[in-house]
Number of protein chains: 2
Amino acid sequence: MDLRRLVYFVAVAEELHFGRAASRLAIAQPPLSRQIAQLESDLGVMLIDRSRSQIRLTQAGSVLLERARDVLERLDRTHREIKRIGEGFSGHLRVAFVGSATYGVLPNVIKAFRSAYPDVELALSAMNNAEQKRAVIQREIDIAVARPSLEDEELKSEPLLQEPLILALSDTSPLLERQVTRLAALKAETFVLYPRKPRPSFADHILNICLEEGFIPKSQVLAQDYQTAISLVSVGVGIALVPKSVSQAERPGVAYRAYEGHNPGTALSLNYRRDNRMPHLFNFLKIAQDVMRRQRKQ
Amino acid sequence: MDLRRLVYFVAVAEELHFGRAASRLAIAQPPLSRQIAQLESDLGVMLIDRSRSQIRLTQAGSVLLERARDVLERLDRTHREIKRIGEGFSGHLRVAFVGSATYGVLPNVIKAFRSAYPDVELALSAMNNAEQKRAVIQREIDIAVARPSLEDEELKSEPLLQEPLILALSDTSPLLERQVTRLAALKAETFVLYPRKPRPSFADHILNICLEEGFIPKSQVLAQDYQTAISLVSVGVGIALVPKSVSQAERPGVAYRAYEGHNPGTALSLNYRRDNRMPHLFNFLKIAQDVMRRQRKQ
DNA sequence: CGGGTTCGATACCGCGTCGTCATCAGCGTG
DNA sequence: CACGCTGATGACGACGCGGTATCGAACCCG
């Protein structure tokens, strides 16, 4: 049962006239007659009663008309549906992000994407770098928002945001009285650091900064993530270096201060498989760039 | 969107392997690759991710797979449905019949048709000859069970049953005491006759019989149909000639007797448009013949 | 009742598309 | 590094579709 024949049949069934149907289909009448005859012999059923000058549908023909219309309409809808997915206006996109991206630009990017592509279902999940890397390689997620970035042959990485580090201190700390704090002056404080694995870790990053400033923190405490670090700071365990955007989340007992000294900052990046060609991904990257450009202008 | 391509796509999507899909479709691999590529360019959407040795469906491809399966299955079901209608195993058939066919063979024919073609919806309606003729010509019904038959250039008629006439008498009639009644002996009785139009009417038929027997009934009463005639007989208005099958419906106050004399009987016929080619009609005619043959044997 | 008109069917032809075989190109693997 | 596997590409023959011309039947109308 060829689709063309179904379309032809619907035209004939609706016009009840081969000539008019043919001109509606923009073909000549003879091929139309033949296609209908062919359809009938394929099905082994008469569809059209030609016994009179005014042709008429048989019972089988009436039923086929209904069914054919339904099928053709479904195919048409499917065509449009598929096209929208192919253009990235529909479908779904799976994004993972590190916890420290929750504040700052990511929410803006998400919001912008949502309003530009409201029919795309965004699946968001928080993961640390290691989980992200595994998931994006396994194609469980499409985009990983990582800090600073995921390095792998299979992956591509694009910078999203470069931000400075700032000091997080207990709000009862005497250090707050100074206007500016030189990092090296804090060598005696307890530093809250982060997991050492996988290398190179953010812990290494912080320690390198201290080394650049000529000291190694004497006293160190480990926290799983920035939130935990901030908690430790709030109860007076020590001080921490965190990305500036983390300070956007106000926390009782914690104060933030810029510091003087080596500040390579920390980067947030968008990571995805090189071979991932889905349009949603490119749309997301484009939106992210737009948001960043706009934010930088302000 | 060609149907063949949809079938091909489903095969590839299910096998996730062009070679296997091609052999499943019993074609070579190159045309399959080309057809899929063609489908993709028709839709303007990538359906298959060929970036790895193990191919994979894109989001658009996954959705298309679902939709295509659905459409193909619908078409398959439609194919079978249409075929069944074309063979007369499904669909509907509209039959009209004269009231006097309610007893006798028609119920048996209907029953036999119902059991042979249980999925055919039978629309039954009682009509007199004039209504039947109009309805069958207007294609409002497919078969008219008429007495004796409908005559028209557009129609064809097949005998269903030839049955003798019998006398209907009041059960208090003194005529009952004789074994056999000669029709001419009843010339003084009141005869219940039937509408005179349209010509030739059943009234004419009865009067012809009387003429053959050499008399014209002196006293005549008109009844719309056999049931009314029997009612009139039951209340002692007169006597009536009715088809033998009508006597199957026992009626208090009425007795039936065979009579001696001219008895051309009366025919029941199946009537339908010459140009009506629907299989249900032929099936019905065949069943009717079978039932009649069987009944005659008994 | 016969000629003209209308409408679907048939005959034949040219072209596009499909399927085949042969071959290429990329990637993974021993 | 060579080989094998897999999908893409090229060239070619065959079939099917649509086009024009024409037929045949039914209907209309004077």
Side-chain angles (χ1 to χ4, degrees), chain A residues 1-43 45-58 61 65 137-139 152-155 273-277, chain B residues 1-43 45-58 61 137 139 152-155 273-277:
Chain A
M1 206 183 332
D2 192 347
L3 256 202
R4 178 197 293 113
R5 290 185 182 140
L6 237 46
V7 174
Y8 285 7
F9 172 74
V10 170
V12 172
E14 286 179 352
E15 299 286 347
L16 289 177
H17 190 288
F18 279 75
R20 281 196 298 275
S23 70
R24 196 174 104 182
L25 294 166
I27 63 170
Q29 169 263 320
L32 180 56
S33 286
R34 247 182 314 139
Q35 292 299 337
I36 300 296
Q38 192 66 38
L39 179 60
E40 285 178 322
S41 87
D42 282 359
L43 293 172
V45 179
M46 294 303 289
L47 300 171
I48 292 176
D49 177 3
R50 304 166 172 79
S51 58
R52 292 275 154 162
S53 66
Q54 170 70 349
I55 63 176
R56 195 185 338 273
L57 293 183
T58 63
L65 175 58
I137 287 179
Q138 298 290 317
R139 300 174 206 271
D152 192 285
E153 183 54 33
E154 304 252 37
L155 305 184
R273 287 191 64 101
R274 284 181 187 286
D275 62 9
N276 191 340
R277 297 254 174 285
Chain B
M1 208 183 331
D2 191 348
L3 210 36
R4 177 198 292 116
R5 289 184 184 142
L6 236 45
V7 174
Y8 286 6
F9 172 73
V10 170
V12 173
E14 285 178 352
E15 298 287 346
L16 289 178
H17 189 286
F18 279 75
R20 281 197 297 276
S23 70
R24 196 174 104 182
L25 294 166
I27 62 171
Q29 168 264 320
L32 181 56
S33 287
R34 249 179 311 150
Q35 292 299 338
I36 300 296
Q38 192 66 39
L39 179 61
E40 286 178 321
S41 87
D42 281 359
L43 294 171
V45 179
M46 294 304 289
L47 300 171
I48 292 175
D49 178 3
R50 303 164 173 81
S51 59
R52 291 276 154 163
S53 66
Q54 170 70 349
I55 64 177
R56 195 186 336 275
L57 294 182
T58 63
I137 287 179
R139 299 174 206 271
D152 194 284
E153 183 53 35
E154 305 253 36
L155 305 184
R273 286 191 65 101
R274 284 182 188 287
D275 62 8
N276 191 341
R277 297 254 174 285

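Numbers restart at 1 for each chain; the letters A, B, ... are given by sequence-line order, proteins then strands. The figures here come from the full heavy-atom set of this structure, side chains too, leaving out hydrogens, waters and symmetry mates. None of these values were measured; they are calculated from a predicted model.
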Under 4.5 Å between any side-chain heavy atoms of [X] and [Y], yes or no?
X       : Y       : value
B:Phe18 : B:Arg50 : yes
B:Leu39 : B:Met1  : yes
A:Gln35 : A:Ile27 : no

B:Gln38 vs B:Gln29, nearer the 5' end of DNA chain C by closest nucleotide: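 Closest to the 5' end, via its nearest nucleotide, is B:Gln38.
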
Touch class at under 4.0 angstrom, heavy-atom based, for B:Ala28 against every strand present: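 Counting heavy atoms under 4.0 Å across all strands, the contact made by B:Ala28 is with sugar-phosphate only.
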
Side-chain-base donor-acceptor pair under 3.5 Å for B:Arg34 and C:dT20: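 Yes, the side chain and the base share a sub-3.5 Å donor-acceptor pair.
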
In whole angstrom, give the distance that lies between atom [atom1] of [X] and atom [atom2] of [N].
X        : N      : atom1 : atom2 : value
B:Glu154 : D:dA26 : CD    : P     : 13 Å
B:Glu40  : D:dG7  : CD    : P     : 13 Å
B:Phe18  : C:dG26 : CZ    : P     : 17 Å
B:Asp275 : C:dG8  : CG    : P     : 16 Å
B:Ile27  : D:dG7  : CD1   : P     : 13 Å
A:Ile36  : C:dG8  : CD1   : P     : 11 Å
B:Leu39  : C:dT17 : CG    : P     : 15 Å
A:Leu25  : D:dC17 : CG    : C1'   : 14 Å

Side-chain donor/acceptor of B:Arg20 to backbone N/O of B:Glu15, under 3.5 Å: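 Between the backbone of B:Glu15 and the side chain of B:Arg20 there is a qualifying donor-acceptor contact (under 3.5 Å).
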
Residue mapping more 5' on DNA chain D - nearest nucleotide basis, A:Gln35 or B:Gly19: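 Nearer the 5' end of the strand: B:Gly19.
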
Shortest side-chain distance from A:Arg5, nucleotide among D:dT9, D:dC17, C:dT20: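 The answer is D:dC17, which lies nearest to the side chain.
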
Selection from C:dG8, C:dG19, C:dA11 that lies nearest to any side-chain heavy atom of A:Pro30: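 The nucleotide sitting nearest to the side chain is C:dA11.
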
Phosphate oxygens OP1/OP2 of [N]: is one of them under 4.0 Å from a side-chain N or O of [X]?
X       : N      : result
A:Ser33 : C:dG8  : no
B:Arg4  : C:dG19 : yes
A:Arg50 : C:dA9  : yes
B:His17 : D:dG7  : yes

Closest approach of A:Ile48 to A:Ile36 (non-hydrogen atoms, all atoms of both residues):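 Minimum heavy-atom separation between A:Ile48 and A:Ile36: CD1-CG2, 3.9 Å.
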
